[in-house]
2 protein chains.
Amino acid sequence: MPHIVKSFDVELGKLEEGLARMGGMAESQLTGAIQALEGRDSELAGRIMADDDKVDGYETFINEQAIKLLALRAPVADDLRMVLAALKVAGEIERIADLAANAAKRSLVLNQLPLVAPMRSLIRLGRLAQIMVKDVLDAHLGHDAERALALRDRDQELDDVYSALFREILTYMMEDPRTITSCTHLMFIAKNLERIGDHATNIAELTHYRVTGKTVLEARTKRDVSSFIGVGGDLPDPG
Amino acid sequence: MPHIVKSFDVELGKLEEGLARMGGMAESQLTGAIQALEGRDSELAGRIMADDDKVDGYETFINEQAIKLLALRAPVADDLRMVLAALKVAGEIERIADLAANAAKRSLVLNQLPLVAPMRSLIRLGRLAQIMVKDVLDAHLGHDAERALALRDRDQELDDVYSALFREILTYMMEDPRTITSCTHLMFIAKNLERIGDHATNIAELTHYRVTGKTVLEARTKRDVSSFIGVGGDLPDPG
C-alpha cells in the first residue's frame, strides 16, 4: 500500500528494481553457460565467467539499499517482510549466477577433450533449470505465492532427471575409462544445475513468505537419490 | 553498549546464544561426519543425517528472533549490524551442517564398497575444514575481526589441498576403473568439504562486517583450480 512518506515507496521500488535486474542478469548467465556447453564455445564461456562480478555488484547494491531502509525507515509488517525477503532472494540469485559461472568454467576443460555422449542429457537438465529460474523470478516479482509454490514440484522433476543423468555418466565412464576426466566435470556441472534448482526453490519459498507472511512449514522431500547411487554394487538402482 | 531498554539486550543475547548453540551443533555434525567416514560407521552416519533437522530448527529460531527484533525494536548502527549478521551467519552455518550431512549420506555408499586409498587424504581435508569452522565460530562469538580475517588464508590452504586431492582421486580411478563409483562419491565429499571452507570464510567476512561495520572490499582470490583440471589432456597440471 502507499505510504505517507512517499520516498519510502521510492526506496522500496529501487529494491524491487534491483532484484529484477539482478535476476535478469543471472538468467542470461545461466542461458549463456548452457549455450557455451552445447556449442563448445570457449569465448562465450570466458564472458560468462567475467560477468559474474556484475551479479555480485547487484547483490551489494541490494544489501546496502536494504540496510539503508531498515536503519532509516524501520519498516514493519509487509514492508519489513519485503526487505528481508529481498536480502535473502539476492543471496539465492547470487548463488545461481555463481553456479552458472562455474559450469562455464568447466566447459573450458570439456572443449579441450572429445565430446562425450551424456552431454546431450546434461543440456536437457540445463534447460529444465533455466525454465525453473525464469518462472520463480517471474513469480517473485509478480508477488505470486501460488505460482511460486507450484515450482517445488518442478524441482522434484529436476532432481529425478539429475539422478538419472548421474547414473548415465557413471555407466559411460565405466565403459570407457578414457572419458573419466570429461565425465567427472560433466558430473559436477550436473550437480551445479541440480543446486540451481534448489536455489530456485528457496526463492519460491521466500516469495511465499514475502507475500503471505507465512514460512513454508511442509518440509521438502528431496528426491535426488544420487548420493545413494552405488549402494550394494557398482551400478544398482538408487536406494 | 548497554541500552536503556534492558529487554533489548536480553533479546540480543538470545540471538547470540542461539548462534552459539547452532554453531556448536554444526561443528559436532561435521566432526561426526568425518568420524563416520574414517571409521566406516554407518550407524553414526545415520544419526548425523537425522540430526540435520535440529540445525534447521536453530536457524528458524534465529530468523524469528531477528525479525522480532527488527520489527519491535528497529535497531540501528551496531545493533542493526549484529541482527543482520546473525541472520546471514545462521544461513552459512545451516549450509555447513547440510554439507556435513550430505558427506555422511555418501559415506553409507562408501561403506558398502571396498576402501579406496584417497580416503586418507579426504580425512586430512576434513580435519582442515573442521579447524576452520571451529576457529571462525570462535572468532564470530568473540567479535574478533582480526582473527576472522586471518581465516581467509586458511581457506586458500584448504583449496590447495582440495585441488591436489581432486587430482589424486582422478588418477586413482583411471588406474583402477573398478573404483569409479567410490571415487566419484569421494570427489563429491571433497567438494562438500571445500564448500564448507567457503562458508566458513563467508562467516569470517560477516564477522568483520559485524564488528567494524565495513564489508571486506578486497576480493578473495580463489585458488581452487580443480574446475580447470583436465585441460589439454587426461591429467595435466591445473590451468
Side-chain angles (χ1 to χ4, degrees), chain A residues 53 56 60 63-64 66-67 70-77 80-81 83-84 87-88 91 95 102-106 108-113 166 169-171 173-185 187-189 191 209 215 219 226-236 239, chain B residues 53 56 60 63-64 66-67 70-77 80-81 83-84 87-88 91 95 102-113 166 169-171 173-185 187-189 191 215 219 226-236 239:
Chain A
D53 287 347
D56 299 345
T60 306
N63 285 342
E64 286 166 354
I67 291 164
L70 291 171
L72 303 182
R73 306 291 184 180
V76 292
L80 175 59
R81 277 208 304 279
V83 175
L84 293 177
L87 267 176
K88 281 177 178 275
R95 290 295 304 134
N102 184 264
K105 188 175 169 190
R106 291 181 185 275
L108 293 179
V109 182
L110 292 170
N111 294 349
Q112 312 246 351
L113 299 167
F166 188 92
I169 297 171
L170 210 50
T171 318
M173 64 206 286
M174 283 170 179
E175 287 169 355
D176 183 358
R178 291 167 305 169
T179 66
I180 283 176
T181 301
S182 300
C183 285
T184 299
H185 288 287
M187 274 184 170
F188 276 99
I189 295 169
K191 186 67 189 170
Y209 164 73
T215 56
S226 72
S227 306
F228 277 134
I229 291 171
V231 175
D234 242 8
L235 203 74
Chain B
D53 287 349
D56 298 346
T60 306
N63 285 343
E64 286 165 355
I67 290 164
L70 291 171
L72 302 180
R73 306 291 186 179
V76 294
L80 175 59
R81 275 208 308 277
V83 175
L84 293 177
L87 267 176
K88 282 178 178 277
R95 289 296 304 136
N102 185 264
K105 188 176 169 190
R106 290 182 185 276
S107 75
L108 294 179
V109 182
L110 292 170
N111 294 349
Q112 314 245 353
L113 299 168
F166 187 93
I169 297 171
L170 210 49
T171 318
M173 64 206 286
M174 283 170 180
E175 287 169 354
D176 184 358
R178 291 166 305 169
T179 66
I180 282 176
T181 301
S182 300
C183 285
T184 297
H185 288 288
M187 274 184 171
F188 276 100
I189 295 169
K191 186 66 189 174
T215 55
S226 71
S227 306
F228 277 134
I229 291 170
V231 175
D234 245 7
L235 203 74

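By convention in this document, chain letters (A, B, ...) are assigned in the order of the sequence lines, proteins followed by strands, and residues within each chain are numbered from 1.
Both the backbone and the side chain of B/I67 come within contact range of chain A, judged by heavy atoms closer than 4.5 Å. Proximity to chain A is absent for every atom of B/D56, based on heavy atoms less than 4.5 angstrom apart.
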Would you check, one step at a time, whether the test side-chain contact (heavy atoms from CB on, under 4.5 Å) holds for B/L84 with A/L87? CA-CA 10 Å; B/L84 293 177; A/L87 267 176; 4.0 Å; yes
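One finds the CG atom of B/L170 at 7.0 Å from the CD1 atom of A/I180 (value rounded to the nearest 0.5 Å).
When all heavy atoms are compared, the tightest approach of B/F188 to A/M187 is CZ-O, 3.8 Å.
Of the listed residues A/L70, A/D53, A/V76, the one with more heavy-atom pairs under 4.5 angstrom with chain B than any other is A/L70.
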